[in-house]
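A short worksheet on the structure shown next.
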Amino acid sequence: MSLLDLECLAATYGYSQVLFDVNLSLEAGEVLALMGRNGTGKTTTTRAICRMMASDGRLEFAGKSLHSLPSHAVARLGIGLCPEGRRCFEDLTVRENLIAAAQPGEWTLDTVGNLFPRLAERESQRAASLSGGEQQMLAIGRALTTNPRLLILDEAAEGLAPIIRQEIWAAIAGLKQESGMAILVIDKSLKELSAISDRAVILERGKTVWQGAMSDLTPEISNKYVGI
């Protein structure tokens, strides 16, 4: 049984249907890339998984249906989200952000500080005073301190300076090698995704149009569904 299973997932915003037929599965310890052009339903899929919006179809985590659960209960089941746009608590310090939703486990202030030394150096600073890259590190660290079984990273390196992007991707690679947690990562950078992901799922107009091993993702397929 997969850790996360989505089958025929559909979702709407008001009267506008956005997801029509999303299918994916994710095993424990696996890194899955969720890919597609802008507006294909990637972030909406993560919102449905985390129960930030209603959906239809099969949606199970560790064999349990998520449809009837509120978002905080989904988080307690073991799904940690680093959302698009960071959404740090700007008036709280780095430390306060990291402990706000912390759960007991491997990921603590110390282990997050080891992963992102900049956060340890700025522990007493307000999140609003951090750079964009530091806020992204904080958003990832905040998700990690919930000690999830599944970590969802939605555009975790988007819009950052190249050197910071490298730090973020190196941290994700380290998580893959050392943590053993499942990771669902959304991004457009095929080079970085290829280096860390076991498999990929591609969405087009709210539907799964391709899925398979990352090694099977040919330039023709990526150009057709992901390229500009």
Side-chain angles (χ1 to χ4, degrees), residues 1-14 16-34 41-92 94-109 111-112 115 127 135-136 138-156 172 175 179-186 201 203 206 208:
M1 180 181 66
S2 300
L3 181 64
L4 178 69
D5 276 301
L6 278 61
E7 185 176 347
C8 301
L9 190 72
T12 62
Y13 289 109
S16 300
Q17 187 166 355
V18 179
L19 302 183
F20 295 86
D21 186 19
V22 174
N23 299 274
L24 66 82
S25 63
L26 179 59
E27 305 293 334
E30 184 180 33
V31 178
L32 178 69
L34 183 59
K42 303 184 299 297
T43 293
T44 302
T45 298
T46 68
R47 289 176 58 84
I49 293 170
C50 295
R51 306 317 299 146
M52 296 176 181
M53 63 184 300
S55 60
D56 296 310
R58 184 182 175 201
L59 174 56
E60 294 185 354
F61 179 73
K64 181 180 181 64
S65 174
L66 301 181
H67 280 299
S68 63
L69 299 180
S71 56
H72 68 270
V74 171
R76 288 174 182 164
L77 278 180
I79 298 179
L81 172 64
C82 176
E84 183 180 26
R86 302 159 197 155
R87 301 188 188 181
C88 299
F89 301 119
E90 292 190 350
D91 290 334
L92 301 184
V94 168
R95 177 187 176 86
E96 290 167 341
N97 267 271
L98 292 175
I99 66 175
Q103 296 292 321
E106 172 187 356
W107 290 99
T108 63
L109 288 172
T111 51
V112 169
L115 182 67
Q135 288 186 14
Q136 187 62 71
L138 180 57
I140 295 173
R142 183 182 59 190
L144 287 173
T145 56
T146 67
N147 280 284
R149 298 171 64 186
L150 167 62
L151 176 65
I152 301 176
L153 300 172
D154 191 352
E155 303 281 9
I172 297 171
L175 291 174
S179 72
M181 76 173 67
I183 303 175
L184 177 64
V185 56
I186 300 170
V201 170
L203 302 186
T208 297

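Below, all heavy atoms of this structure are taken into account, side chains as well, without hydrogens, waters or symmetry copies. All figures in this text were calculated on a predicted structure; none of them were measured in a lab.
With rounding to the nearest 0.5 Å, the separation of CD in Glu7 from OG in Ser2 is 11.0 Å. The structure places CG of Leu19 at 7.5 Å from OH of Tyr13, a figure rounded to the nearest 0.5 Å. Distance CG/Leu66 to CD1/Ile79: 5.0 Å, rounded to 0.5 Å. Here Ile140 contributes atom CD1 and Leu144 contributes atom CG; the two are 7.5 Å apart, rounded to the nearest 0.5 Å.
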Full working for side-chain contact (heavy atoms from CB on, under 4.5 Å) between Leu34 and Leu203: CA-CA 8 Å; Leu34 183 59; Leu203 302 186; 3.9 Å; yes
side-chain contact (heavy atoms from CB on, under 4.5 Å) assessment of Cys8 paired with Asn23: CA-CA 6 Å; Cys8 301; Asn23 299 274; 4.2 Å; yes
Evaluation steps, side-chain contact (heavy atoms from CB on, under 4.5 Å), between Leu6 and Leu59: CA-CA 5 Å; Leu6 278 61; Leu59 174 56; 3.6 Å; yes
side-chain contact (heavy atoms from CB on, under 4.5 Å) between Leu150 and Leu77, intermediate numbers included: CA-CA 9 Å; Leu150 167 62; Leu77 278 180; over 6 Å; no
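Listed for the Asn147 side chain is a donor-acceptor partner under 3.5 Å among the backbone atoms of Glu106. Asp154 contributes no side-chain N or O that, together with a main-chain N or O of Ile186, makes up a donor-acceptor pair within less than 3.5 Å.
A donor and an acceptor atom, one from each side chain of Thr43 and Glu84, are located under 3.5 Å apart. A donor and an acceptor atom, one from each side chain of Arg51 and Ser55, are located under 3.5 Å apart.
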